[in-house]
Number of protein chains: 2
Amino acid sequence: MKSNSKSVKIDGIDKKILRFLMADARKPVLEIARNIGISGAAIHQRLRKLEASGLLAGSKFIINPKVMGYTTMAYIGIYLDKAMSNPKAVKLLGEIPEVLECHYTTGNWSILIKVLCKDNEHLMHVLNKEIQQIEGVSRTETFISLAQQIDRQITI
Amino acid sequence: MKSNSKSVKIDGIDKKILRFLMADARKPVLEIARNIGISGAAIHQRLRKLEASGLLAGSKFIINPKVMGYTTMAYIGIYLDKAMSNPKAVKLLGEIPEVLECHYTTGNWSILIKVLCKDNEHLMHVLNKEIQQIEGVSRTETFISLAQQIDRQITI
DNA sequence: GATGAAAAAACCAGACT
DNA sequence: AGTCTGGTTTTTTCATC
């Protein structure tokens, strides 16, 4: 799976196929074929080509965290001491399962992370007993997401 | 598809099934069956149950934005005038395809969004010609993600 | 891209424990 | 309840045009 092939050519049919599969990864190829009006084999070949180009980065089942009791999402900006290297901090953050995203950002913070917790108490625990305990983390700023109102991939 | 059924019971087999499908939504049920050691029909039934419980929020093909030329990701904190309502702002932000996430957050900003652009010039355009043009947006703070080092769902 | 055939998987109904 | 065993339908996959 290559990942940096520049200028992958995508025509209108490819876009239609991808739009179907981005919405539902398990949609049968033949069903898409009937919708678009070409054969299933053609779609199959296009998918092989798109996969080889590195455009397709896999597929995922999406689970609803709320049903599992995870209702508190937050972004946390982290200030690191000069002595603390970014890769080491990322490694340690990666060991905290509540950390879903980690970005090395410009601006005030060294790192911006997204965490998902069951409730505010859980979030407090993750902040005080997990993140703040990491050596090199000097300060944090927390922004709780009261509602996630948009969540999507890029439009193709 | 219910979405708020509290206390959905998940046993070890359910977890194994979900872990397979969260990593690859198109993995054949029979293949999972062989891995776990139960019949395909049993897995099929469990998936129906999990779907009915609202835990399964669908599946998605993941495309690699880099291959499409989108290499600049950023978080933007937005300050809204008192006169601007959150829902209206969200509606207008939703019309900007580069906006992938939108959170209503506690803290300094009214809204925190994630945007994905082709390059810095594109990001500048989205900031100045799209977001800043929205009536009620008084100020923004931008944090460019130099590298996304973790990206995952909650662990089950 | 399309077609047709073989292999695999999904799906369903009834029996089992 | 939850799971299994067949049997049918559908989909995937491959070779060929």
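Lettering follows sequence order; numbering is per chain, from 1.
Although no hydrogens or angles enter the test, the distance criterion places a donor-acceptor pair under 3.5 Å between the side chain of Q153(B) and the main chain of F61(A). With hydrogens and angles ignored, the 3.5 Å screen pairs no side-chain donor or acceptor of R19(A) with any backbone N or O of D14(A). Checking side-chain atoms of D119(B) against main-chain N and O of E121(B) turns up a donor-acceptor pair under 3.5 Å.
Atom C1' of nucleotide dC11(C) and atom CD of E31(A) are separated by 15 Å, given to the nearest angstrom. When the C1' atom of dC12(C) is taken as reference, atom CD1 of I43(B) falls 17 Å away, rounded to whole Å. With rounding to whole Å, H44(A) atom NE2 is found 20 Å from dT10(D) atom P. When the P atom of dC4(D) is taken as reference, atom CD1 of I36(B) falls 11 Å away, rounded to whole Å. Atom CZ in R46(B) sits roughly 14 Å away from atom P in dA1(D) (whole-Å rounding). For the pair Q45(A) CD and dT16(D) P, the computed distance is 14 Å after rounding to whole Å. Whole-Å rounding puts the L47(A) CG to dT12(D) P distance at 10 Å. The CD1 atom of I38(B) sits 12 Å away from the P atom of dG2(D) (whole-angstrom rounding).
Comparing dA13(C), dT3(D), dG1(C) against the side chain of A41(B) picks out dA13(C) as the nearest. The nucleotide whose nearest atom lies closest to any side-chain atom of P28(B) is, among dA9(C), dT11(D), dC4(D), dA9(C). Picking from dA10(C), dC4(D), dT12(D) the nucleotide with the shortest atom distance to the side chain of R26(B) gives dT12(D). Among dG2(D), dA2(C), dG1(C), the nucleotide with an atom closest to any side-chain atom of S39(A) is dA2(C).
Residue-level contact check: I13(A) touches the backbone only, with heavy atoms under 4.0 Å from sugar-phosphate atoms and none from bases. Using a 4.0 Å heavy-atom cutoff across all strands shown, L30(A) reaches at least one base atom of the nucleic acid. Residue R48(A) is classed as having no contact, given no heavy-atom separation below 4.0 Å to the nucleic acid.
Remark: E135(B) does not engage K88(B) in a salt bridge, criterion side-chain N to carboxylate O under 4.0 Å.
When both pairing distances are held under 3.5 Å, dA5(C) makes a Watson-Crick or G-U pair with dT13(D). Pairing of dA1(D), defined by two Watson-Crick or G-U wobble distances under 3.5 Å, is not identified with any nucleotide.
Ring orientation note: the planes of Y75(A) and H103(B) are nearly perpendicular, at an angle over 60° on the 30°/60° scale.
When the side-chain nitrogen and oxygen atoms of K49(B) are compared with OP1 and OP2 of dA1(D), none of them lie within a distance under 4.0 Å.
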